[in-house]
Every structure is written in structure tokens, then in C-alpha cells.
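In what follows, a single structure is set out as C-alpha cells and then discussed.
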Amino acid sequence: MTALTGLTVGGGCAAKYSAARLDELLKGFVPVEAENLLVGLSPADDAAVYKLDDERALVFTVDFFPPLVDDPATFGRIAATNALNDVFAMGGTPLLALSIAAFPEELPTEVLGAVFAGADEQVRAAGALLAGGHTIRDTEPKYGLAVVGTVHPDGIWRKSSAEPGDALFLTKPLGTGLLLAGYARQLVSEEAFAAAVRWMTTLNGGAADVLRPFSPSAVTDVTGFGLFGHAHEMAERSGVRIRIDAVPALDGALDVARAGTRTGGDPRNREFAPVDADGAPEELLTLGYDAQTAGGLLISLPMDKALSLEAEFRARGLFIERVGAVEVGAGVVVS
């Protein structure tokens with residue numbers, strides 16, 4: 001089997017462009033004014049949203065990256081999950097997806113076929129259809145999706161509307177990047193690697209379905225900027241301070257961090273999202289800055305709904321952990 005990761009310099013969401021550089025690049029650039037563009041670049045969010053009428057709006061996103069695992073079908077499933085989850089993070093439901101693919105011509109066609117088949121499986125699991133796409137030649141493999149979904153105009157979840165007094169939740173544990181890096185260095189077991197893959201191929205649709213009736217204040221998904229990076233975005237765009245007092249870890253992830261392993265996105269995320277973390281152990285900071293691929297939802301929710309939300313998630317057998325709170329102020333504090 002072709003070792004896909006051997007053809008890349010960095011895979012998954014760790015391959016994201018620096019958030020700090022991206023902010024600088026897009027500064028002052030906004031789309032032409034259009035009253036029906038409900039979510040665009042001012043401020044940017046997990047996907048664009050365009051209003052069709054009083055009952056329907058389109059959610060549109062695109063996401064792709066180099067391989068982070070060698071198995072092509074698994075790579076396709078992970079890449080598809082990561083793209084589809086942007087629609088769920090906006091409160092929407094995926095409808096249609098198109099492949100965005102770049103592969104060396106010398107790769108066997110069965111490898112490409114397995115990537116597409118894995119993606120198709122995941123798109124169907126999300127209730128959507130994979131209806132085509134575009135493929136080009138490239139020395140480094142890359143795959144992802146452009147996804148269109150729908151959402152009610154009054155039901156859009158933004159990352160810019162967290163409120164002081166809210167509780168903060170996360171719907172997946174952290175550490176996928178650390179575990180993949182540790183696996184490559186033979187620091188973690190096959191079981192730990194398999195657990196990371198399971199989480200990266202878990203769609204956030206189930207979590208979104210449970211969350212929707214609770215009308216959360218703000219939502220985003222935790223991907224390449226890590227928990228601290230995405231919390232920083234939520235705090236800055238909402239004009240609040242976020243206090244994080246729990247960082248749930250996948251088994252083995254903290255051990256990899258203690259061994260000194262850092263993922264490619266770690267230094268860029270630290271530059272983008274400095275936190276006030278006086279006294280916090282280094283392995284905890286490493287986990288918080290670890291680039292996640294297809295991570296969970298970061299949810300800001302009024303405190304009086306917190307216990308009911310936790311109970312509903314657990315009744316459905318879904319992971320959720322309260323990781324902090326939203327306060328008056330600015331920035332991210334790790335306590």
C-alpha cells in the first residue's frame with residue numbers, strides 16, 4: 001500500500017495557513033455588500049451563509065488538506081468529516097458536496113478510488129450527496145470537500161455571540177494531532193491511534209441535533225487552531241473573556257506531550273492565541289494548542305441550560321465536558 005503520509009510535509013488541519021498571517025492577509029477585505037449575505041468575512045466564521053428567503057439560508061464551506069494517515073479510505077473519511085462539520089458548526093444540515101482533489105499521477109487509481117469511496121461513505125452518513133468535484137495533478141496529495149447545506153436564518157450559530165455568564169462545553173476530547181505524531185514516533189499504541197481515528201471520523205451531526213433545541217449563544221468547531229486558538233477567536237469576536245479550567249484529553253495524548261512531541265501547528269497557534277496561563281503545566285498548554293482534525297463543537301450556552309444539556313448528551317451516549325465559562329473582559333485565561 002502507498003504510504004500517503006510519506007508524500008506530505010504536514011497533514012490534516014495542522015497544514016492550515018497561520019491564523020495570524022491569515023488575519024493580516026484578509027484585513028480590510030470584505031465581500032461586496034449584500035443584504036442577504038448573513039455570514040461572510042466581517043466577521044469571518046466557520047462557513048458563509050446566504051439567505052434565500054425567510055425560511056431558508058444556504059451554508060457554504062470548503063476544506064481540504066494533505067493526508068494525515070496512510071490508509072486512503074480512512075483519509076477520505078477524515079477529510080470529509082472535517083468539511084461536513086463546518087456546516088454542523090453553523091447549525092446547518094449538509095445537502096450536497098463536491099470533491100476537491102490533488103494527487104500525483106503515479107499514484108495507483110485504486111488509491112484515489114479508495115479516498116473517494118471513504119469520503120462518499122461519510123457524506124452519505126451526514127445525509128448528503130457527493131455529486132462530483134475537480135481533480136488536478138500535484139506532487140503532494142490533498143483532498144477535501146466543498147459542502148452546501150441549509151439552515152433557518154434565525155437558527156444560525158455564530159462564534160461571535162458568546163455572552164458573559166455562559167458555560168463553555170466541548171463535545172470531543174483533544175489530542176488527535178499529538179496521538180498521530182506519537183504513533184509515527186512509536187510512542188503510542190495501535191489502540192490509541194485507532195481511538196484518534198474514531199474521533200476524527202465522528203460527525204458532529206449528532207451533537208448538533210441535541211444542541212439545536214437549547215439555542216446556544218455561540219458555537220464553533222475545534223480544528224487546526226486548537227482549543228486555545230478557537231477559544232481566542234470566540235472571545236475576541238464576542239468581546240468577552242473565556243476562562244478554561246478543564247482540557248479533556250484522549251488517552252495517551254498528555255504522555256506524548258510530556259515526551260516533548262509537538263505538532264506542526266503548535267508554534268503558529270501559540271503565536272496567534274497567547275493565553276494567560278500562569279502556573280499551568282506545559283503538557284496542558286501543548287494539548288490546548290494541539291491542532292485538531294475534525295474536532296468537536298465548542299459551545300457557549302446560558303448557564304441555566306447547562307445541566308439539562310449535559311444530561312441530554314449523556315442520555316444519547318454522546319461525549320460532552322464543561323471546560324470553562326465566559327466572563328466580562330478580554331482574552332483567554334487557563335486556570
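Only heavy atoms go into these numbers, but all of them, side chains included; no hydrogens, no water, no symmetry mates.
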Less than 4.5 Å apart, any side-chain heavy atom of [X] and any of [Y]?
| X | Y | answer |
| --- | --- | --- |
| Leu107 | Leu112 | yes |
| Val148 | Leu58 | yes |
| Ser217 | Pro302 | yes |
| Asp63 | Phe65 | yes |
| Asp54 | Pro153 | no |
| Ile242 | Val333 | no |
| Thr139 | Pro104 | no |
| Leu168 | Leu298 | yes |

Mind jotting down which residue pairs meet the salt bridge (Lys or Arg N to Asp or Glu O under 4.0 Å) criterion with at least one end in residues 157-186? Sequence neighbours excluded, please. Asp46-Lys159, Lys159-Glu233
Enumerate the salt bridge (Lys or Arg N to Asp or Glu O under 4.0 Å) contacts for residues 103-118, please, sequence neighbours excluded, ordered by first and then second residue. Glu105-Arg137
Between [X] (side chain) and [Y] (backbone), is there a donor-acceptor pair under 3.5 Å?
| X | Y | value |
| --- | --- | --- |
| Thr61 | Asp86 | no |
| Asp71 | Thr74 | yes |
| Asp290 | Leu178 | yes |
| Asp53 | Glu55 | yes |
| Asn82 | Arg77 | no |
| Ser238 | Met234 | yes |
| Asp70 | Leu4 | yes |
| Glu140 | Asp138 | no |
| His230 | Thr223 | yes |

Closest non-hydrogen atom pair, [X] against [Y]:
| X | Y | answer |
| --- | --- | --- |
| Thr176 | Ala291 | OG1-O, 4.2 Å |
| Leu227 | Val247 | CD2-CG1, 4.2 Å |
| Leu98 | Ala131 | CD2-C, 3.9 Å |
| Val240 | Pro164 | CG1-CD, 3.8 Å |
| Ala280 | Leu285 | CB-CD2, 4.2 Å |
| Leu174 | Ala253 | O-CB, 4.1 Å |

Taking side-chain hydrogen bond (donor to acceptor under 3.5 Å, both in side chains) as the cut-off, I'd like each qualifying pair that reaches into residues 112-133, sequence neighbours left out, listed once. Thr81-Gln122, Asp120-Arg124
Quick test of your reading: applying side-chain hydrogen bond (donor to acceptor under 3.5 Å, both in side chains), list the pairs with at least one residue in residues 325-335, sequence neighbours left out, ordered by first then second residue. Arg241-Glu327, Arg243-Glu327
Hphob cluster co-occupancy, [X] + [Y], side-chain heavy atoms under 4.5 angstrom:
| X | Y | answer |
| --- | --- | --- |
| Phe116 | Leu84 | yes |
| Phe214 | Phe319 | no |
| Trp157 | Val222 | no |
| Val115 | Leu203 | yes |
| Val147 | Leu297 | no |

Working to the nearest 0.5 Å, report the span between [atom1] of [X] and [atom2] of [Y].
| X | Y | atom1 | atom2 | answer |
| --- | --- | --- | --- | --- |
| Phe75 | Leu68 | CZ | CG | 7.0 Å |
| Arg56 | Tyr50 | CZ | OH | 12.5 Å |
| Leu130 | Leu145 | CG | CG | 6.5 Å |
| Leu301 | Leu211 | CG | CG | 7.0 Å |
| Asn269 | Arg262 | CG | CZ | 13.0 Å |
| Asp209 | Leu318 | CG | CG | 9.5 Å |

Taking atom CG of Asp304 as the centre, report whether more than 12 heavy atoms of other residues, nucleotides or ligands fall under 6.0 Å from it. yes
Should the heavy atoms of other residues, nucleotides or ligands under 6.0 Å from CG of Asp278 be counted, would the total exceed 12? no
In terms of the angle between their ring planes, are Phe272 and Phe225 parallel, tilted or perpendicular, with boundaries placed at 30° and 60°? tilted
Would you please classify the geometry between the Phe193 ring and the Tyr183 ring as parallel, tilted or perpendicular, with 30° and 60° separating the classes? parallel
Taking the six-membered ring for Trp and the full ring for Phe, Tyr or His, determine whether the centres of Tyr289 and Phe228 are under 6.0 Å apart. yes
Using the rule given for side chain to side chain contact (heavy atoms under 4.5 Å, CB included), can you reason through Val151 versus Met90, listing the C-alpha separation, both sets of side-chain angles and the distance that settles it, and then say yes or no? CA-CA 8 Å; Val151 66; Met90 300 300 297; over 6 Å; no
Pair Glu282 + Arg270, salt bridge at N-O below 4.0 Å: yes
Is it true that Arg314 and Glu312 have a side-chain N and a carboxylate O under 4.0 angstrom from each other? no
Let me see the working for Leu287 and Leu254 under side chain to side chain contact (heavy atoms under 4.5 Å, CB included), right down to the final yes or no. CA-CA 7 Å; Leu287 183 65; Leu254 287 172; 4.0 Å; yes
Taking ring-ring contact (aromatic ring centres under 6.0 Å, His included) as the cut-off, I'd like each qualifying pair that reaches into residues 77-99, sequence neighbours left out, listed once. none
Take Val323 and Asp245, measure what side chain to side chain contact (heavy atoms under 4.5 Å, CB included) needs, and give me the verdict at the end. CA-CA 6 Å; Val323 296; Asp245 52 31; 5.5 Å; no
Kindly write out the residues that satisfy side chain to side chain contact (heavy atoms under 4.5 Å, CB included) with Ala167, not counting sequence neighbours, or none if the list is empty. Phe169, Met303, Ala306, Arg322
Show your reasoning for whether side chain to side chain contact (heavy atoms under 4.5 Å, CB included) applies to Leu170 and Ile320. CA-CA 6 Å; Leu170 188 61; Ile320 192 166; over 6 Å; no
